[in-house]
Novice: 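The following block contains the structure, expressed as structure tokens.
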Amino acid sequence: MTLSLQNIVKTYDGKAVLNHFSAIFPEGGCYLLLGENGAGKSTLLKCIAGDVMYDSGVMSYDRQLVDCVALQYQTFDSYSHLKISEVIRLFQALTANQKNLTALYDLLELAAYQHILVKNASGGQRKALSIYLAFLLNKPIILLDEPFADLDLTKKKQLGAFLQREIQQTKQIVIIISHEVAGFESLFDAIYILKDGQLADYGTLAELEEKYQNPVFKGIEGIYFGMTGQVLGGRIA
Ligand SMILES: Nc1ncnc2c1ncn2[C@@H]1O[C@H](COP(=O)(O)OP(=O)(O)OP(=O)(O)O)[C@@H](O)[C@H]1O
């Protein structure tokens, strides 16, 4: 099943954040969505998830899209007066077709802070919870907004390895926004670059590296620099 976006327009206060954005995301792939701050990446994910209504355009998927998407927000502020364990139990109760996520639970070390209220949880603990919930819902389309930010180095690496294994084993579509890419290059089947509200370019890392060769920055960082003139932050290698 392929997710197809055609001519998506979303305006805020008369300004088009998404300006006829079109892209296709085939199943069984992990896709990196790149773009400078304010380019509209989070807005695009929210539109796909049905959290934000787009003005015009067509999103098509084999099934009712809104039922098929789990979105991990860049920041997690919901259920502030519940404990982390209670939020997880709530989401478990909502999920009919749960899968075994022990590996993800363990690598995110959720057991260590399950008794903390969400409002008292650190940025990294909230991020860990939000990633876990996105996978717990067991949807065919998973959207992750800066999943690596706020996690410590060990968790970043382990999450990268988990994602790689998970996507190989399932036919899920995983779209990731991340400014931290060094060390994760092999995770992405294709890279989509959002600029001026449109899909400026997309392709595999090899295809884009060929187009945007850069003597200073290599890999995805070089592609991003070639497209935007900016340096991508974060390095785990
Ligand atoms: N609810 C809203 N009302 C008005 N403007 C908004 C709203 N949400 C987002 N915007 C604006 O839309 C633009 C795109 O925001 P968005 O969060 O999608 O960018 P982004 O590419 O995810 O940025 P970043 O990399 O900084 O997270 C920004 O100019 C932002 O201020």
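Numbering of ligands and ligand atoms starts at 1, following listing order.
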Novice: Measure the distances from the heavy atoms of E36 to every atom of ligand 1 and state whether one is below 4.0 angstrom.
Specialist: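 The answer is yes, since E36 has a heavy atom less than 4.0 Å from ligand 1.
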Novice: Heavy atom of G35 under 4.0 Å from ligand 1?
Specialist: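 In this structure, G35 fails to qualify as a contact of ligand 1 - no heavy atom is under 4.0 Å.
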Novice: Would you say H179 touches ligand 1, if touching means a heavy atom closer than 4.0 Å?
Specialist: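 Per 4.0 Å heavy-atom rule, H179 contacts ligand 1.
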Novice: Using heavy-atom distances, let me know which of A39, S42, G38 sits nearest atom 22 (O) of ligand 1.
Specialist: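 The nearest heavy atom belongs to S42.
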Novice: Going by heavy atoms in the side chains, are I116 and Q125 under 4.5 Å from each other?
Specialist: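 They are in side-chain contact.
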Novice: For K155, check salt bridge (charged side-chain N to carboxylate O under 4.0 Å, His left out) against everything at least two apart and list the hits.
Specialist: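 For K155, the residues satisfying salt bridge (charged side-chain N to carboxylate O under 4.0 Å, His left out) (neighbours in sequence not counted) are E109, D152.
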Novice: Considering only protein heavy atoms, determine whether one is less than 4.0 Å from atom 13 (C) of ligand 1.
Specialist: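 Flag for atom 13 (C) of ligand 1 set to true, protein heavy atom closer than 4.0 Å.
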Novice: With only distance considered, is V17 within less than 3.5 Å of ligand 1 through an N or O on each side?
Specialist: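 Such a contact does not occur with ligand 1.
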Novice: Identify, for atom 25 (O) of ligand 1, the protein heavy atom at the shortest distance, and state residue, atom and that distance.
Specialist: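 Atom 25 (O) of ligand 1 sits closest to the protein heavy atom K41 NZ, 2.8 Å.
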Novice: Does atom 5 (N) of ligand 1 have any protein heavy atom closer than 4.0 Å?
Specialist: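 Answer yes: something from the protein, a heavy atom, is under 4.0 Å.
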Novice: Around K99, counting heavy atoms of other residues, nucleotides and ligands shown, do more than 12 lie under 6.0 Å from its NZ?
Specialist: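 More than 12 within 6.0 Å, yes.
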Novice: I'd like to know if E185 and K218 make a salt bridge, using a cut-off of under 4.0 Å between side-chain N and carboxylate O.
Specialist: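 A salt bridge is absent here (no side-chain N lies under 4.0 Å from a carboxylate O).
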Novice: Please confirm whether F148 and F184 have ring centers closer than 6.0 angstrom.
Specialist: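 For F148 and F184, the ring centres are under 6.0 Å apart.
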Novice: Among all protein heavy atoms, pick out the one at the shortest distance from atom 2 (C) of ligand 1; state its residue, atom name and that distance to 0.1 Å.
Specialist: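 Its nearest protein heavy-atom neighbour is Y12 CE2, 3.4 Å.
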Novice: Identify the residue among I48, L144, L44 that makes a side-chain contact (heavy atoms from CB on, under 4.5 Å) with I175.
Specialist: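 It is I48, the one option of I48, L144, L44 that forms the side-chain contact (heavy atoms from CB on, under 4.5 Å) with I175.
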Novice: Using a 3.5 Å distance criterion without hydrogens, assess whether the side chain of T2 forms a donor-acceptor pair with backbone atoms of S4.
Specialist: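 Absent.
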Novice: Taking atom 24 (P) of ligand 1 as the point of reference, which of T75, N37, I177 owns the nearest heavy atom?
Specialist: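 It is N37 that holds the nearest heavy atom.
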Novice: What pairs meet the salt bridge (charged side-chain N to carboxylate O under 4.0 Å, His left out) rule with one or both residues in residues 188-210, with sequence neighbours excluded?
Specialist: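 Matches after skipping sequence neighbours: D201-K211.
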Novice: In the protein, which heavy atom is nearest to atom 16 (P) of ligand 1, and how far is it?
Specialist: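 It is T43 OG1, 3.6 Å.
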